[in-house]
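Report on the structure given below.
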Amino acid sequence: MRPSLLTDLTAKVRAAFVAEGLDPAFGRVQISDRPELGQFQSNGALAAAKAAKMNPLSLASQIQTRLETDEWFSNVSITGPGFINIKLMDWVLAQALAASDAILAPAAATRGKVVVDFGGPNVAKAMHVGHLRSSIIGDALQRHLKFAGFDTKSDVHLGDWGKPMGMLITEVKLRRPELPYFDPAFTGPYPVEPPVTMEDLETLYPIAAAASKADPVRDEEARTATAELQQGRAGYRALWRHFIDVSIAGIKREFASLGVYFDLWKGEADVDPLIGPMLTDLKARGIAELDDGALIVRVGEPSDKKEMPPLMLVKRDGGVLYETTDVATIIDRVKSLDPDLVLYVVDQRQHEHFEKVFRGAIKAGYAGKAVLEHVGFGTMNGADGKPFKTRAGGVLKLYDLIEMAKAEAEKRLVEAGIGADYPPEERATVARQVGLAAIKFADLSNYRLTNYIFDLERFTKFEGKTGPYLQYAAVRVKSLLRKAMEEQARPGAIAITAAEERDLALAILRFPDALEETIKVRAPNVMCDYAYTLAQRFSSFYAAHHIMSESDTALRASRLALAALTLRALETALELLGIEVPERM
RNA sequence: GCACCCGUAGCUCAGCUGGAUAGAGCGCUGCCCUCCGAAGGCAGAGGCCAGGGGUUCGAAUCCCUUCGGGUGCGCCA
């Protein structure tokens with residue numbers, strides 16, 4: 001973990017507690033709730049006094065006496081029942097800022113290996129708003145993990161092996177039975193040209209799904225086709241391969257337009273070869289058992305508040321499920337990557353599924369040293385509070401959502417009179433960056449488990465707590481620094497003198513704490529808050545002190561340096577959230 | 001029925017490893033551009049933290065319970 005001002009302070013206060021013969025855990029320091037009393041506070045004396053049956057005020061006083069000898073502190077006071085308030089010398093802030101390069105730079109990968117499983121697009125299905133949260137949150141988390149020094153591998157985990165594949169095969173068969181893929185006597189080679197386009201698949205899938213739901217005969221056909229595909233029927237495999245290839249091309253485009261990156265493009269089908277041996281192994285060791293024709297693993301534990309259904313590996317009809325591929329994927333990842341942690345950024349509604357898979361994998365000894373963790377999230381709802389739908393009641397495609405956001409951003413730019421003189425390409429780029437920032441920040445700034453209401457008009461507003469506001473704040477600093485450059489005004493040594501500088505410095509220096517907290521709770525809204533507070537503090541500073549007209553050149557140089565550092569911290573935070581900052585807007 | 005998530009300002013949301021006077025944005029009121037980008041800043045009004053019990057010196061935070069909303073519960077993903 002990278003050190004921060006807060007961790008340094010905690011170390012000092014801990015030392016004071018230890019010197020009093022108390023547990024260092026009591027020395028935890030936090031940002032003060034009462035800024036007029038101090039910049040930081042420690043409430044440890046209260047808890048420590050309780051544990052040691054001491055008087056909290058006299059204990060706090062002893063800690064105070066020890067802390068007062070430290071040259072870092074300009075003031076250590078006690079208020080209330082024993083709160084310790086701390087103010088730092090301004091030179092401590094200046095010194096920390098001078099050394100802040102270390103806290104704002106990415107760390108070398110020394111903290112272990114993490115696999116982040118997110119996105120989860122399905123073959124043949126257009127990506128829709130349901131994929132948005134997983135993609136945005138997962139991407140933000142992988143960026144944070146990489147930056148903080150974890151060897152991180154993201155995997156899109158394509159949905160390419162379940163019953164939807166069987167449904168599609170039967171739908172194509174119904175429409176074009178003459179194709180060689182359906183002729184059992186055909187010995188190949190099968191055509192190289194795909195018989196369907198991405199658009200075809202997107203049309204066919206909902207039809208096939210509806211048919212399956214409405215007609216038990218069709219459903220049975222789909223089930224059979226899925227089983228035959230999984231058992232290796234050549235024509236089906238060849239046709240399925242086309243589905244995959246056509247789909248992946250489209251899916252890659254979608255993720256690229258979102259600015260979301262994956263290290264690995266694996267799918268459920270990739271672990272198919274592992275499934276047979278895995279089932280054999282589980283049966284041989286008596287971990288899996290037959291129950292009513294299906295192969296299951298009982299994963300209930302005595303401590304369960306309610307009965308946990310078993311992990312189902314093979315259905316009565318011989319088909320496997322995503323539970324099966326998920327367990328096999330753990331085997332695959334442990335074998336190829338041997339991670340310390342695997343994060344599954346998937347809708348909270350699948351929580352029980354993951355609980356079963358994790359228990360099964362651990363019971364079978366497949367997880368290696370990896371901690372398996374489901375990072376769930378809530379739904380994105382429409383204005384009515386129900387999961388987001390288009391006006392027509394359908395599912396909104398991700399592509400269309402992005403287009404809407406771009407158009408809305410464009411509208412705002414026109415309203416604000418920005419970019420009228422920009423070249424068309426730059427205008428389009430800025431509209432895209434602003435639209436994406438609006439969507440991403442709105443999504444990420446809510447705690448991931450809460451359901452939130454999607455309101456594009458509100459998200460794209462340039463005022464208030466929005467992505468575009470943060471971009472604006474960063475762009476404004478860039479503009480200031482450009483102007484300084486033109487006027488040959490150079491940044492210099494930072495000296496903290498004014499209240500707004502102090503507040504801004506403290507905000508910048510909180511970056512490592514925001515980073516670590518985001519990772520610890522796997523929740524990017526922490527970093528969103530950091531970025532927003534930082535931008536606000538800068539705005540206050542900027543409004544209170546006119547920099548370029550400052551006649552004291554040392555002071556001007558200091559303030560320029562503070563502005564430059566703010567920009568660096570803000571851009572870094574936004575980058576971790578997957579938000580781009582234009583040069584101007 | 002059982003389990004999980006949630007209920008905080010008019011609206012949208014933070015805060016939840018217990019700590020002082022519960023925060024932000026929008027909206028509302030009033031100020032601030034002859035000066036670096038006002039998409040901004042400053043100040044203000046607005047809350048029995050769903051209700052009720054309990055633990056504690058101290059509860060929005062932990063426990064129990066009621067009500068209200070969402071989700072899930074063996075052969076879909």
Side-chain angles (χ1 to χ4, degrees), chain A residues 25 28 30 32-34 37 41 43 46-47 49-50 56 79-83 85 120 122 125 159 161-164 167 209 212-213 219 222-223 226 268 291-296 304-317 319-323 325 347-353 355-356 376 378-379 381 385-387 412-413 415-416 418 442 445-447 449-453 455 458 461-466 468-469 471-473 475-484 487 489 525-526 528-529 532-533 536 539-550 563 584-585:
Chain A
R28 197 169 68 93
Q30 57 183 282
S32 181
D33 294 330
R34 302 280 298 273
L37 296 175
Q41 64 176 313
N43 304 336
L46 294 163
K50 187 179 192 174
T79 47
F83 300 106
N85 307 294
N122 296 306
K125 287 196 239 180
W161 203 230
K163 196 170 156 197
M167 298 195 305
S212 225
K213 198 172 177 183
D219 194 50
R223 203 190 308 278
T226 307
E268 294 172 329
D291 184 84
D292 197 16
L295 189 70
I296 63 164
D304 288 341
K305 283 193 185 170
K306 65 150 189 172
E307 198 186 342
M308 178 71 66
L311 175 70
M312 181 156 301
L313 296 170
V314 184
K315 296 184 287 182
R316 262 198 301 272
D317 66 7
V320 298
L321 302 96
Y322 83 135
E323 302 176 37
T325 54
D347 194 315
Q348 181 65 11
R349 287 177 287 197
Q350 295 195 36
H351 189 73
E352 193 178 87
H353 161 75
E355 186 61 33
K356 289 193 294 184
T379 54
N381 296 336
K386 303 217 168 98
R412 302 282 179 172
L413 291 170
E415 279 169 15
I418 293 168
S445 60
N446 290 304
Y447 176 62
L449 280 171
T450 39
N451 303 332
Y452 73 97
I453 293 178
D455 179 350
R458 185 163 65 82
K461 281 230 166 88
F462 291 9
E463 309 109 34
K465 196 172 179 179
T466 66
Y469 164 80
Q471 290 175 313
Y472 165 75
V475 164
R476 203 164 53 158
V477 187
K478 285 190 183 190
S479 171
L480 168 68
L481 296 175
R482 262 199 305 270
K483 190 176 169 74
E487 299 183 16
N525 66 305
V526 174
C528 289
D529 264 352
Y532 186 67
T533 304
Q536 277 185 316
S539 288
S540 297
F541 162 72
Y542 183 81
H545 305 286
H546 199 279
I547 297 171
M548 292 312 295
S549 64
E550 177 54 56
R584 55 177 186 169
M585 63 185 271

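Keep in mind the model is a prediction, meaning the values are calculated, not measured.
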Which of the following nucleotides, [options], is nearest to the side chain of [X]?
X	options	answer
A:Q348	B:rC26, B:rA77, B:rC4	B:rC4
A:R28	B:rG72, B:rA77, B:rU17	B:rU17
A:Y472	B:rG74, B:rA38, B:rC36	B:rA38
A:D529	B:rC36, B:rC5, B:rA14	B:rA14
A:P81	B:rG40, B:rG19, B:rA3	B:rG19
A:Y469	B:rA20, B:rG40, B:rA77	B:rG40
A:Y447	B:rG58, B:rA14, B:rG19	B:rA14

Exercise. Would you check if A:Y542 stacks with the base of B:rG40, given a 5.5 Å centroid limit and a 30° plane limit, both strict?
Key: no
Self-check item: A:H546 ring over B:rC36 six-membered base ring, under 5.5 Å and 30°
Solution: yes
Would you say [N] has OP1 or OP2 under 4.0 Å from some side-chain N or O of [X]?
X	N	value
A:K315	B:rC76	yes
A:Q30	B:rG19	no
A:N525	B:rG15	yes
A:R223	B:rC76	yes
A:Y532	B:rG23	no
A:T450	B:rC6	no
A:S540	B:rC42	yes
A:R476	B:rA38	yes

In whole Å, what is the span from the [atom1] atom of [X] to the [atom2] atom of [N]?
X	N	atom1	atom2	result
A:K465	B:rG23	NZ	P	15 Å
A:E323	B:rC76	CD	C1'	10 Å
A:N451	B:rC6	CG	P	10 Å
A:Q41	B:rG19	CD	P	9 Å
A:R316	B:rC76	CZ	C1'	14 Å
A:H353	B:rA77	NE2	P	10 Å

With [atom1] as the reference atom in both, quote the distance from [N] to [M] in angstrom, rounded to an integer.
N	M	atom1	answer
B:rU56	B:rA14	C1'	26 Å
B:rA9	B:rC26	C1'	12 Å
B:rG52	B:rA59	P	14 Å

Quiz item: Should A:D529 and A:K465 count as an ion pair when the cut-off is N to O under 4.0 Å?
Solution: yes
Quiz item: Looking at the angle O4'-C1'-N9-C4 for a purine or O4'-C1'-N1-C2 for a pyrimidine, is B:rC33 syn or anti, with syn meaning within 90° of 0?
Solution: syn
Can you tell me the pairing partner of [N] across any strand shown, Watson-Crick or G-U wobble, with both distances under 3.5 angstrom?
N	result
B:rG23	B:rC13
B:rC2	B:rG72
B:rG7	B:rC67
B:rA43	B:rU29

I'd like to know if [X] reaches the base of [N] with its side chain, counting only an N/O donor and acceptor under 3.5 Å.
X	N	answer
A:D317	B:rC75	no
A:E307	B:rA3	no
A:N85	B:rA20	yes
A:K50	B:rG19	no

Quiz item: Hey, which of A:T379, A:N451, A:L449 is the one that makes side chain to side chain contact (heavy atoms under 4.5 Å, CB included) with A:Q348?
Solution: A:L449
Practice problem: Would you check if A:R223 and A:S212 make a side-chain contact, meaning some heavy-atom pair closer than 4.5 Å? | Solution: no
Quiz item: Got a second to check how far A:Q471's CD is from A:K478's NZ, nearest 0.5 Å?
Solution: 10.0 Å
Quiz item: Do any N or O atoms from the side chain of A:T466 and from the backbone of A:K461 form a donor-acceptor pair under 3.5 angstrom?
Solution: yes
